[in-house]
Amino acid sequence: MNKTKLSKFILEMKFMKKTKEKVEKEEDDAEGRALYSSEITDKMLHGQSNFIIEPSFVPCENLIEGRVSYRGMNPEIERIMEIERYGEQQVKERERLEREKEMTKDVSDKDMAKFYGSIVKTMEKKYKQMKRLNIQPTKLKKELPLNQKFKKPNYDD
């Protein structure tokens with residue numbers, strides 16, 4: 001393991017940057033091994049670990065990562081959260097059910113028929129009056145005299 005070391009000045013040259021980084025990394029590893037040599041066993045160095053090292057406690061505590069929205073403040077974020085929580089298929093099914101619920105009838109068929117019947121009767125009365133007066137609905141505006149002017153009311157007090 002007697003490796004020849006390059007001088008400090010050579011390592012600082014532009015074309016030696018990668019070599020310098022590699023040398024520094026090796027030195028740091030050697031220092032770390034020397035520092036913890038009494039605590040680290042060969043089994044720890046070469047064997048498999050029984051532990052999983054997690055840089056964050058988010059997965060350990062089952063926390064939500066990223067942006068969060070509640071009660072319709074940001075519907076787009078809530079939709080993303082729902083997809084992550086339940087999966088795409090279940091979310092699409094839930095949205096389809098919500099749309100169907102929104103499309104339910106506000107007015108029953110009987111009420112609608114009654115209302116439509118009354119409108120038909122009203123329109124029928126209107127056209128009967130026009131027919132009785134012999135006015136065509138399309139010519140209604142044209143038949144009014146154009147020379148009519150505003151008449152002042154008579155005040156004979």
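Predicted, not measured: the structure shown is a model, and the values here were computed from it. Numbering starts at 1 and runs along the sequence shown.
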> With I77, which residues qualify under side chain to side chain contact (heavy atoms under 4.5 Å, CB included), at least two apart?
Replying inline: R67, S69, N74, M81
>> Let me confirm one number: the CG-CZ distance from L97 to R94, rounded to the nearest 0.5 Å.
In response: 9.0 Å
> Between K22 and K18, is a side chain to side chain contact (heavy atoms under 4.5 Å, CB included) present by the stated rule, with each step listed?
Replying inline: CA-CA 6 Å; K22 192 188 325 181; K18 289 183 181 178; over 6 Å; no
> Taking atom CD of E76 as the centre, does the number of heavy atoms from other residues, nucleotides or ligands within less than 6.0 Å exceed 12?
Replying inline: no
>> Rounded to the nearest 0.5 Å, what separates atom CD in E93 from atom CD in E95?
In response: 10.5 Å
> When clusters are formed by joining ILVMFWY residues with side-chain heavy atoms under 4.5 Å apart, either directly or through shared neighbours, do F115 and M123 land in the same one?
Replying inline: yes
> What's the spacing between E21 CD and T19 OG1 if we round to 0.5 Å?
Replying inline: 9.0 Å
